[in-house]
Q: 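Once you've had a glance at the structure underneath, I'll fire off some questions.
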Amino acid sequence: MVKKIKKKIKHFLDLDKMTAEDLRGIIDLSKSYKQGITSGQDTHKSKTLGLIFEKPSTRTRVSFEIAMYQLGGNVTILEHERTHLGRGETISDTAKVLSRYIDIIVYRTSSAKKLYELAKYSDVPVINGLNDQTHPCQLIADIMTFEENIGIIDGKTVTWCGDFNNVCRSWVQASNIFDFTLNLACPKDLIDKVEMKNITKLKNIKIFDSAEKACNNSDCIMTDTWFSMGQKVSEKKRKLLQPFQVTNKLLSIAKKKSIFMHCLPAHRGEEIGKDILEHPKSVIWDEAENRLHTQKAILNWCLK
Ligand code: CP
Ligand code: NVA
């Protein structure tokens, strides 16, 4: 009997599962898609991308959809609640069935465990489209946007102000792969004790009590919503986060040639002052656009 040799499947699950070389390749290819140096047209003709979203999305969903079309492929959108996955069919059965129809899956779910389970049973690549722990696709676009404005990220300083959440956790992972300093200005009470212990061991992370001290001399200031999807809005948390709101003052403390980024959606008057998105240092629309270029490079890396 001839044994079928299973090809190694290239999942894009978390940055800490990737090599620096692969990530650099994805970022550089994204830049080349944007500049039109690589057209990508017809690269993945006859391939189909399946999008499974358990949570709302504008940017991730639309950018992946358009990216796949621009690469010549097809897209099928699986609204979680309208599939049997949403009413209890197991993840492993779903993964095995979908692998017979489609070539690559983007999965946005609350639980990292479910993402890894889908990848375990899938015969096609699975991409993490955000979960409660991490958001690696966002990071590729963020690093690309940083480098377009400031130059190669190694040796630079990025400051995160606000909630210690999924996007922030992917920044922590990125700082352990690329050699830049990540200043964290987050209320300590919002960080799990074991996680805090692990973070403090990382050589590129600096933890601050004061947002002003953290932003001093930074190349980039970043933040995100105080209440991620699925989290309960609480006044107690809001109060803890108030001193870490990104304001005009914080942006003026950063380096003269620095930028402000936010993965969006934003809540004006909460994690950011009312006019911060329109601040001259804000590059948020480029950051959002770059999701499209980077999704193409991620799809290409997985499918190659
Ligand atoms: N930044 C981001 O992932 O946005 P969406 O939730 O709209 O996909
Ligand atoms: N931290 C946010 C990111 C949204 C893209 C959330 O999970 O809701």
Side-chain angles (χ1 to χ4, degrees), residues 12-15 30 49-68 75 77-80 105-115 127-146 158 160-174 184-187 190-192 195 220-234 237-238 240-241 244-246 259-268 270-272 276-277 282-299:
F12 184 85
L13 299 176
D14 273 308
L15 300 185
S30 308
L49 164 69
L51 297 170
I52 313 175
F53 279 74
E54 273 178 25
K55 292 177 179 229
S57 170
T58 300
R59 284 143 285 266
T60 308
R61 177 172 152 167
V62 177
S63 58
F64 264 118
E65 201 175 340
I66 305 303
M68 193 58 174
V75 180
I77 296 172
L78 296 136
E79 297 294 354
H80 183 252
I105 301 168
V106 174
Y107 188 25
R108 172 170 286 197
T109 173
S110 49
S111 139
K113 199 167 157 242
K114 281 161 75 181
L115 170 80
I127 297 173
N128 177 357
L130 175 149
N131 60 55
D132 289 352
Q133 295 299 310
T134 54
H135 194 6
C137 294
Q138 181 68 50
L139 258 285
I140 303 293
D142 289 357
I143 294 176
M144 173 181 175
T145 313
F146 179 97
V158 174
W160 178 276
C161 288
D163 191 24
F164 186 84
N165 65 8
N166 44 8
V167 179
C168 182
R169 214 172 267 113
S170 286
W171 268 101
V172 169
Q173 293 183 1
L184 291 180
C186 310
L190 297 179
I191 310 179
D192 172 82
E195 196 164 16
C220 170
I221 297 179
M222 303 213 38
T223 190
D224 184 16
T225 179
W226 288 348
F227 303 100
S228 286
M229 288 178 276
Q231 279 182 358
K232 220 173 76 216
V233 174
S234 97
K237 186 175 179 189
R238 188 173 273 138
L240 281 172
L241 283 159
F244 301 92
Q245 183 191 61
V246 176
I259 53 169
F260 167 73
M261 295 203 286
H262 188 311
C263 66
L264 304 177
H267 308 82
R268 290 171 172 84
E270 202 157 78
E271 74 271 11
I272 47 168
I276 294 298
L277 295 187
S282 165
V283 292
I284 49 142
W285 309 123
D286 292 333
E287 184 185 4
E289 178 193 326
N290 288 342
R291 298 296 307 277
L292 173 65
H293 310 294
T294 53
Q295 312 302 36
K296 283 191 206 171
I298 294 169
L299 288 167

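Below, each value reflects all heavy atoms present in this structure, side chains not excepted, and no hydrogens, waters or symmetry copies. One-based numbering, in listed order, for ligands and for the atoms of each.
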Q: Quick check: R108 and ligand 2, any N/O pair under 3.5 Å apart?
A: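 Among all N and O atoms of R108, none is under 3.5 Å from an N or O of ligand 2.
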Q: Got a salt bridge between K55 and D132, using NZ or NE/NH1/NH2 to carboxylate O under 4.0 Å?
A: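 Yes, this pair counts.
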Q: Heavy-atom distances under 4.0 Å decide this one: backbone, side chain, both or neither, for H262 against ligand 1?
A: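 Contact part for H262 vs ligand 1: neither.
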Q: Would you say the side-chain atoms of S111 pair up with the backbone N or O of K114, donor to acceptor, closer than 3.5 Å?
A: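 It does hold such a pair.
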Q: Would you indicate whether the side-chain heavy atoms of V172 and W160 approach each other to under 4.5 Å?
A: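 They are not in contact (no side-chain heavy atoms under 4.5 Å apart), so the answer is no.
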Q: Could you see which bit of L264 sits under 4.0 Å from ligand 1, with heavy atoms only: side chain, backbone, both or neither?
A: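 The part of L264 near ligand 1 is the backbone, not the side chain.
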Q: Quick one: nearest non-hydrogen protein atom to atom 3 (C) of ligand 2, plus distance?
A: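 Sorting protein heavy atoms by distance from atom 3 (C) of ligand 2 puts D224 OD2, 3.5 Å first.
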Q: Take every heavy atom of H135, measure it against each atom of ligand 1, and state whether any distance is under 4.0 Å.
A: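 Yes.
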Q: Answer with side chain, backbone, both or neither: which part of T225 has a heavy atom less than 4.0 angstrom from an atom of ligand 2?
A: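 The answer is the side chain.
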Q: Using a 3.5 Å distance criterion without hydrogens, assess whether the side chain of R108 forms a donor-acceptor pair with backbone atoms of P56.
A: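 Side chain of R108 to backbone of P56: a pair is present.
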Q: Using only atom types and a distance under 3.5 Å, with no angle test, would you say the side chain of S63 pairs donor to acceptor with the backbone of L292?
A: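 Not confirmed, S63 side chain does not pair with L292 backbone.
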Q: If you measure every N/O of C263 against every N/O of ligand 1, is any gap under 3.5 Å?
A: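 N/O-N/O distance under 3.5 Å: yes.
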Q: List the closest protein heavy-atom neighbour of atom 7 (O) of ligand 2: residue, atom name, distance to the nearest 0.1 Å.
A: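 Answer for atom 7 (O) of ligand 2: N166 ND2, 2.8 Å.
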Q: Is there a polar contact, in the sense of an N or O pair closer than 3.5 Å, between H135 and ligand 2?
A: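 H135 vs ligand 2: no N/O contact under 3.5 Å.
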Q: Would one find an N or O of L264, backbone or side chain, under 3.5 Å from an N or O of ligand 2?
A: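 N/O-N/O distance under 3.5 Å: no.
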Q: With heavy-atom distances below 4.5 Å as the criterion, would you say the side chains of T225 and P265 are in contact?
A: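 No, side chains not in contact.
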Q: Do F227 and R238 come within less than 4.5 Å of each other through their side chains, counting heavy atoms only?
A: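 Yes, their side chains come closer than 4.5 Å.
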Q: Counting C-beta onward and ignoring hydrogens, is there a side-chain heavy-atom pair between I52 and V106 closer than 4.5 Å?
A: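 With C-beta onward as the side chain, the pair stays apart.
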Q: Which residue supplies the protein heavy atom nearest to atom 4 (O) of ligand 1, what is that atom called, and how far is it?
A: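 Protein heavy atom with the smallest distance to atom 4 (O) of ligand 1: R59 NE, 2.9 Å.
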Q: Please state which option from K55, M229, R108 has its nearest heavy atom closest to atom 6 (O) of ligand 1.
A: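 Comparing heavy atoms across K55, M229, R108, the nearest one to atom 6 (O) of ligand 1 lies in R108.
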Q: Taking only heavy atoms of R291 into account, list the atoms of ligand 1 that are under 4.0 Å away from them.
A: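 Per the distance check, 1 (N), 2 (C), 3 (O).
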Q: Is it the side chain, the backbone, both or neither of D132 that has a heavy atom closer than 4.0 Å to ligand 2?
A: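 D132 to ligand 2: no contact under 4.0 Å from either part.
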Q: Give the numbers and elements of all ligand 1 atoms closer than 4.0 Å to a heavy atom of T58.
A: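 Near T58, the atoms of ligand 1 are 5 (P), 7 (O), 8 (O).
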Q: Would you mind reporting whether I127 and Y107 have side-chain heavy atoms less than 4.5 Å apart?
A: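 The answer is no, as the side chains (C-beta and beyond) never meet within the 4.5 Å cut-off.
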Q: Does the side chain of K237 reach to within under 4.5 Å of the side chain of P187, using non-hydrogen atoms?
A: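 K237 vs P187: side chains apart.
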